[in-house]
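Single-structure report; data block below.
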Amino acid sequence: MPGMHERYDLAVIGGGINGTGIARDAAGRGLKVLLTEKGDLGGATSAASTKLIHGGLRYLEHYEFRLVREALIEREVLLKAAPHIVWPLRFVLPHHQGLRPAWMIRLGLFLYDHLGGRKLLPGTETVDLRRDPAGAILRDEFARAFVYSDCWVEDARLVVLNAMDAAERGADIRVRTAVTGARREDGAWTVDLESGDSVRAHALVNAAGPWVHQVLTGALGRNSPAKVRLVKGSHIVVPRPTDHDRAYIFQHGDGRVIFLIPYEHDFSLIGTTDEDYRGDPAEVAATPGEIDYLCGAVSAYLKTPVRPTDVVWTYAGVRPLYDDGASKAQEATREYVLTLDGERDEPRLLNVFGGKITTYRRLAEAALAELAPHLPKLGAPWTEQATLPGGDFRPDGFVELAGELSRSHAFLDAGQAHRLTRAYGTRARALLDGATSIADMGEDFGAGLSEREVRYLIDREWARTAADVLWRRSKLGLRLDQAQAKKLDAWMRGAVGGDT
């Protein structure tokens, strides 16, 4: 543990996707970086997305062309950077006669195909749902659909991989360490941590997500005209109704779109809602009304309705959007807004409002561009061509990589090799290093989750509790029962010496 008043070039508050992205970029440019997170990495909004790397087709209706273009470009950047946790997904958009006209959808998809200089992903096509397998689960009145490309992402793992890369480039990552106060003293920030330490930093970033305004006015004691609009998004998970690997995007009568996405092999993910939220972001949860809404929205398209009793899991998150005065939550801008605080020779404070997971890397570059005049050691941008940990293989090379892992570790079945490759990419080799039999994996906590894997997550990925492992580093919480989860949690608390 660094001593009293350890000095950093940059301190970042918040271990979500924006905070870890900024920390990674800054560390790679030669800065000494501290990142603090009061809970687990990606433990709030960043683990509660719809898990898409996408341009945001519906944002075209709000004329947010710059945002969509930037996101479409980033879609392929991230596909190349982390092909183990980001992969292509085709979306089926049934044409609904009573909603958006076909010409409008064609125009939108034409722009979607061409705004971002698409190279790796296939373009839009039209299919006959009476002949295509995608039509099998849909009501008979839906005869035609548009099919286009976007990407899936393991959102919480994306956060962890950015933190890992930052740490490997020298950043100090401290989880479960809240900032209790910060003040300008003698040309630098003094940052007080709940551990009792105080550190010094030349510049400070507030990337606390839904708590950005709370940190700004509380721990930092600042007044700010910028406001954050908290918008809640809920999701439900149900048994998978399809036997193909395409997703669906359904238009809803209220103007929103709802996704039905293949999830964890046996399930489908349905989301999301958009509602203003005024409670504690830590207490956010899907309500019965939201569950009914999502079930009803997809059931309007399906031959066999989805009912609330089908739901096996729900999750919700709070998006910290910049308050641009939009009348509806769904119309609030997804653009990120960065505000820089400080005068003359004062150390600078950068506050991060809004953003979306797809554009986190560009947000990080923009944040460091704002701080560049005040960080003389800052090197040049570098992340656009760089891979994330485990992602150093071709975007189309996943099957080959999983096959290599299966052959080199014959005691793994095909399902285990696939899951480990999806989670860790080429880093799966390090996890398995020295293991020659199933006995070498140690205790099995259920669903193939081994002691060896959990130790790797503790040692390399800052996991401290069963929830960290089962709902963020993986989604094995869908497969372990309550007793197994409790056993894992007790084992982990012993393994980390009670530091949870």
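The first residue in the sequence is number 1, and the count goes up from there. This is a predicted model, so every value here is computed, not measured. Note: hydrogens, waters and symmetry copies are ignored here, and every other heavy atom, side chains too, is used.
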**Prompt:** Are P94 and L129 side-chain neighbours, meaning at least one heavy-atom pair lies under 4.5 Å?
**Reply:** yes

**Prompt:** Below 4.0 angstrom, N of the basic side chain to O of the carboxylate: do R144 and D128 qualify?
**Reply:** no

**Prompt:** Does the side chain of T36 come within less than 4.5 Å of K38's, by heavy atoms?
**Reply:** no

**Prompt:** Would K303 and L138 satisfy side chain to side chain contact (heavy atoms under 4.5 Å, CB included), going step by step from the backbone distance to the final call?
**Reply:** CA-CA 5 Å; K303 290 176 180 175; L138 300 178; 5.9 Å; no

**Prompt:** Thinking salt bridges, do E70 and R66 make one under a 4.0 Å N-O criterion?
**Reply:** yes

**Fill in**
Sorted by chain and number, sequence neighbours left out, salt bridge (Lys or Arg N to Asp or Glu O under 4.0 Å) with R118 holds for D113

**Request:** With sequence neighbours excluded, tell me which residues meet salt bridge (Lys or Arg N to Asp or Glu O under 4.0 Å) with E290.
**Result:** K232

**Message:** Tell me every residue that passes ring pair (Phe, Tyr, Trp, His ring centres under 6.0 Å) with Y112, counting only those two or more places apart in sequence or in another chain.
**Reply:** Y148

**Distance in Å, L220 CG paired with N351 CG, rounded so as to fall on 0.5 Å steps** = 7.0 Å

**Prompt:** Going through the checks in order, is the side chain to side chain contact (heavy atoms under 4.5 Å, CB included) test met by H95 and Q97?
**Reply:** CA-CA 6 Å; H95 179 233; Q97 296 285 355; 3.8 Å; yes

**CA sep, side-chain torsions, deciding dist, call: W382, D25, side-chain hydrogen bond (donor to acceptor under 3.5 Å, both in side chains)** = CA-CA 7 Å; W382 62 278; D25 194 343; 3.2 Å; yes

**Request:** Return the set of residues passing side chain to side chain contact (heavy atoms under 4.5 Å, CB included) with P88 (not counting sequence neighbours), or none when no residue passes.
**Result:** L79, L121

**Message:** Run N162 and Y360 through side-chain hydrogen bond (donor to acceptor under 3.5 Å, both in side chains) and show every step you take.
**Reply:** CA-CA 11 Å; N162 274 272; Y360 86 90; 3.1 Å; yes

**Request:** Rounded to the nearest 0.5 Å, what's the gap from CD1 on I73 to NZ on K119? Could you check?
**Result:** 10.0 Å

**Request:** Nearest 0.5 Å please: distance from the CG atom of D292 over to the OG1 atom of T287.
**Result:** 8.5 Å

**Asked** Can you check whether H54 and F91 have ring centres sitting under 6.0 Å from each other?
**Response** no

**Request:** Kindly indicate whether the side chain of F146, heavy atoms from C-beta on, has any atom under 4.5 Å from the side chain of E125.
**Result:** no

**Request:** Using a strict 4.0 Å threshold on nitrogen-to-oxygen distance, state whether D341 and R348 make a salt bridge.
**Result:** no

**Prompt:** For G42 and V159, which heavy atoms make the closest approach, and how far apart are they?
**Reply:** N-CG1, 3.6 Å

For residues 260-271, tabulate all N or O donor-acceptor pairs below 3.5 Å that involve a side-chain atom, not counting sequence neighbours.
residue	atom	partner	partner atom	Å
D266	OD2	R479	NH1	2.9
D266	OD2	R479	NH2	3.2

**Item:** D245 and R240 ion-paired at < 4.0 Å
**Value:** no

**Message:** Once side chain to side chain contact (heavy atoms under 4.5 Å, CB included) is applied, do any residues pair with E400, and if so which ones, sequence neighbours excluded?
**Reply:** R394, E404

**Prompt:** How far does CD of E154 sit from CG of L158, to the nearest 0.5 angstrom?
**Reply:** 10.0 Å

**Message:** Run the salt bridge (Lys or Arg N to Asp or Glu O under 4.0 Å) test against R100 and tell me which residues pass, sequence neighbours left out.
**Reply:** E61

**Request:** Assess whether atom CZ of R246 is packed by more than 12 heavy atoms of other residues, nucleotides or ligands within 6.0 Å.
**Result:** yes

**Request:** With sequence neighbours excluded, tell me which residues meet side chain to side chain contact (heavy atoms under 4.5 Å, CB included) with A282.
**Result:** W211, D280

**Prompt:** Are D468 and R472 close enough for a salt bridge, meaning some N to O gap below 4.0 Å?
**Reply:** yes

**Request:** Decide whether a cation-pi geometry holds between R422 and W87; the criteria are a distance under 6.0 Å from NZ or CZ to the six-membered ring centre and an angle within 45° of the ring axis.
**Result:** yes

**Euclidean distance, D40 CG relative to T465 OG1, rounded to 0.5 Å** = 6.5 Å

**Asked** In chain order, what residues pass the ring pair (Phe, Tyr, Trp, His ring centres under 6.0 Å) check against Y315, with sequence neighbours excluded?
**Response** H235, W313

**Prompt:** Hey, does L10 have a side-chain heavy atom less than 4.5 Å from the side chain of L371?
**Reply:** yes

**Message:** Closer than 4.0 angstrom, basic N to acidic O: yes or no for E384 and R362?
**Reply:** no

**Item:** F65: partners by ring pair (Phe, Tyr, Trp, His ring centres under 6.0 Å), with sequence neighbours left out
**Value:** none

**Item:** is_close_aromatic(F142, Y301), centroid dist under 6.0 Å
**Value:** yes

**Prompt:** Can you list the residues that meet the side chain to side chain contact (heavy atoms under 4.5 Å, CB included) rule with T314, with sequence neighbours excluded?
**Reply:** I236, A286, I291, V311

**Asked** Quick one: do R256 and D254 make a salt bridge, cutoff under 4.0 Å?
**Response** no

**Fill in**
R361 meets the salt bridge (Lys or Arg N to Asp or Glu O under 4.0 Å) criterion, sequence neighbours left out, with E74, E365

